[in-house]
Novice: 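One structure, as structure tokens, below. Some questions next.
Treat the numbers as computed from the prediction; the structure is a model and nothing was measured. Each chain gets a letter, A, B and so on, in the order the sequences are listed, and its residues count up from 1.
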Protein chains: 2
Amino acid sequence: MKVKEVADLVGISVRTLHHYDAIGLLVPDHTTEAGYRVYSPANLERLQQILFFRELGFPLKDIQAIVTRPTFDRLKALEQHQQMLRAKRHHLDELLQTVARTIQHAKGEIEMSTAEQFKGFDFSHNPYEQEARQRWGDEVVDASNAKLKAVTEQGKMQALQDEMNALYRDLAAVRHSDPASEAAQAAIGRWYLLLQRMGNYSLDAFKGLGQMYVDDVRFTQNIDQFGEGLAVFMRDAMAVYADHHSS
Amino acid sequence: MKVKEVADLVGISVRTLHHYDAIGLLVPDHTTEAGYRVYSPANLERLQQILFFRELGFPLKDIQAIVTRPTFDRLKALEQHQQMLRAKRHHLDELLQTVARTIQHAKGEIEMSTAEQFKGFDFSHNPYEQEARQRWGDEVVDASNAKLKAVTEQGKMQALQDEMNALYRDLAAVRHSDPASEAAQAAIGRWYLLLQRMGNYSLDAFKGLGQMYVDDVRFTQNIDQFGEGLAVFMRDAMAVYADHHSS
DNA sequence: GCTTGACTCTGACGTTACGTAATAGCTCAC
DNA sequence: GTGAGCTATTACGTAACGTCAGAGTCAAGC
């Protein structure tokens with residue numbers, strides 16, 4: 001299939017396809033002698049994934065990092081899309097409630113607080129992240145995302161960021177070893193202590209956090225920057241650490 | 001309320017509020033001596049409307065034209081938001097179906113066509129416009145939107161565009177008169193003939209189209225560029241014209 | 001009164017994801 | 001062969017903020 005056929009079928013522009021090719025996000029199967037792009041069924045499958053991620057608000061750069069990873073699991077991603085789309089629909093239901101109540105309010109039928117007027121407008125977080133933030137707090141999530149916000153004391157935050165990055169690198173260096181090994185456990189112990197500095201977390205929570213690193217593509221992507229498969233390794237090492245220290 | 005309070009309550013950034021003030025979309029009630037923006041409850045009500053339109057994909061420029069119009073009807077707009085949000089949810093349901101079927105397909109449980117893979121991804125039109133296009137065709141809708149696409153024969157399209165604009169101006173000039181007046185009916189007759197050049201439309205359809213000019217803020221906005229209240233006037237004149245010529 | 005953290009402002013550059021347009025080559029049915 | 005439709009690359013422009021710098025304001029606490 002060539003560009004117009006794909007564009008018409010899918011409902012996107014030819015320009016979008018050019019752009020995606022140019023940034024390496026969706027490279028056509030091959031090109032004709034004339035230089036025409038030819039897309040394969042596999043290309044279309046990739047495009048579907050891209051569009052799901054796009055629909056869910058992921059930046060193209062992030063999408064590219066995710067879908068081009070050798071360990072990218074299409075089925076798992078689809079299941080995650082499903083969950084995120086359900087969350088999106090839940091938010092849309094909230095918006096519908098808000099508009100219905102606003103209509104009633106405008107007709108003088110009910111009272112409505114200012115906060116209620118804006119219920120449902122924030123779509124900025126995916127469900128995993130929301131859950132994680134509720135369970136562990138913003139700082140732990142941001143730490144895992146390696147995206148600490150410049151809150152106050154920039155120097156202090158920078159030092160913490162550097163410390164985290166160093167720890168990620170140490171962990172990446174041993175990620176091909178046994179998660180239960182002495183080196184792995186020493187490094188993951190330091191990770192646990194670092195998180196403890198942000199709050200008191202149970203070992204169960206620590207173990208659950210590790211699982212979330214793997215379950216959510218955003219966490220995975222951010223962590224795997226330091227080395228392919230690091231998120232999986234950390235999950236395993238964190239589980240071992242938690243089990244070992246709870247007995 | 002000042003910027004941070006509003007931003008936190010609503011879930012948008014302070015920068016957004018600055019931006020909206022700068023472009024005149026949401027100008028705060030007043031400013032303190034220090035120059036701090038102070039937002040009133042009426043400001044927040046306007047903000048809600050803005051966010052609904054934004055949520056539905058309207059460009060800010062369009063939103064501004066709509067909400068700042070003296071004839072802006074908040075209740076009608078809310079009802080329209082509701083309808084459009086319902087349509088959006090319907091599309092989201094389609095996406096959920098698509099992802100569910102894709103999961104089944106990935107597991108080898110069902111067959112799935114390429115087209116099915118992309119069902120639900122196009123959110124680019126509001127429901128009124130979709131309905132109008134189905135009933136009257138693209139050309140009529142674009143003509144009413146005064147946004148003719150450069151399809152072929154650029155010169156020919158330009159001439160048509162000029163003709164349309166002239167007709168809009170004629171209609172705007174008589175919009176304060178009785179829609180049944182001779183001048184109004186002459187002008188609206190020319191509009192009907194212009195549309196007939198694009199296809200055969202019944203008088204009922206013509207009458208319905210006029211109603212749609214008023215029901216959909218996009219149509220209204222585009223038409224009222226030529227004069228405040230022109231869309232309403234055209235609807236009335238079109239109804240008179242249709243009734244008169246069907247008997 | 002002074003200090004300090006939080007809040008506020010303006011100005012301005014940068015980012016993202018294309019849309020639009022120009023120019024020119026390619027394809028294929030008539 | 002012709003011409004309409006399709007294709008390519010190049011490149012500028014746009015919308016809607018995000019980010020940052022530098023400086024002023026506010027109010028609680030000392």
Novice: Please list, chain by chain and in numerical order, all residues satisfying side-chain hydrogen bond (donor to acceptor under 3.5 Å, both in side chains) with B:Thr114, sequence neighbours excluded.
Specialist: none
Novice: Can you sort out the partners of B:Arg15 under side-chain hydrogen bond (donor to acceptor under 3.5 Å, both in side chains), two or more places apart, ordered by chain and number?
Specialist: none
Novice: Taking side-chain hydrogen bond (donor to acceptor under 3.5 Å, both in side chains) as the test, write out the residues that go with A:Arg69, two or more places apart.
Specialist: A:Thr71
Novice: Are the aromatic rings of B:His81 and B:Phe53 close, with centres under 6.0 Å apart?
Specialist: yes
Novice: Go through residues 12-37 of chain B and report each residue with a non-hydrogen atom lying under 4.0 Å from DNA chain C, sorted by number.
Specialist: B:Arg15, B:His18, B:Gly35, B:Tyr36, B:Arg37
Novice: Going by the rule side-chain hydrogen bond (donor to acceptor under 3.5 Å, both in side chains), which residues pair with B:Arg101 if we only count those two or more places apart in sequence or in a different chain?
Specialist: B:Glu116
Novice: Distance check needed: D:dA16 C1' versus B:Ile50 CD1, whole Å only.
Specialist: 14 Å
Novice: Using heavy atoms to find the nearest nucleotide of DNA chain D for B:Arg54 and B:Lys2 separately, return the residue whose nucleotide is more 5′.
Specialist: B:Arg54
Novice: I need the NZ-P distance between A:Lys61 and C:dC18, as an integer number of Å.
Specialist: 16 Å
Novice: Write down the distance between CG (A:Asp62) and C1' (C:dT15), rounded to a whole number of angstrom.
Specialist: 14 Å
Novice: Not counting sequence neighbours, which residues clear salt bridge (charged side-chain N to carboxylate O under 4.0 Å, His left out) with B:Lys61? List them please.
Specialist: none
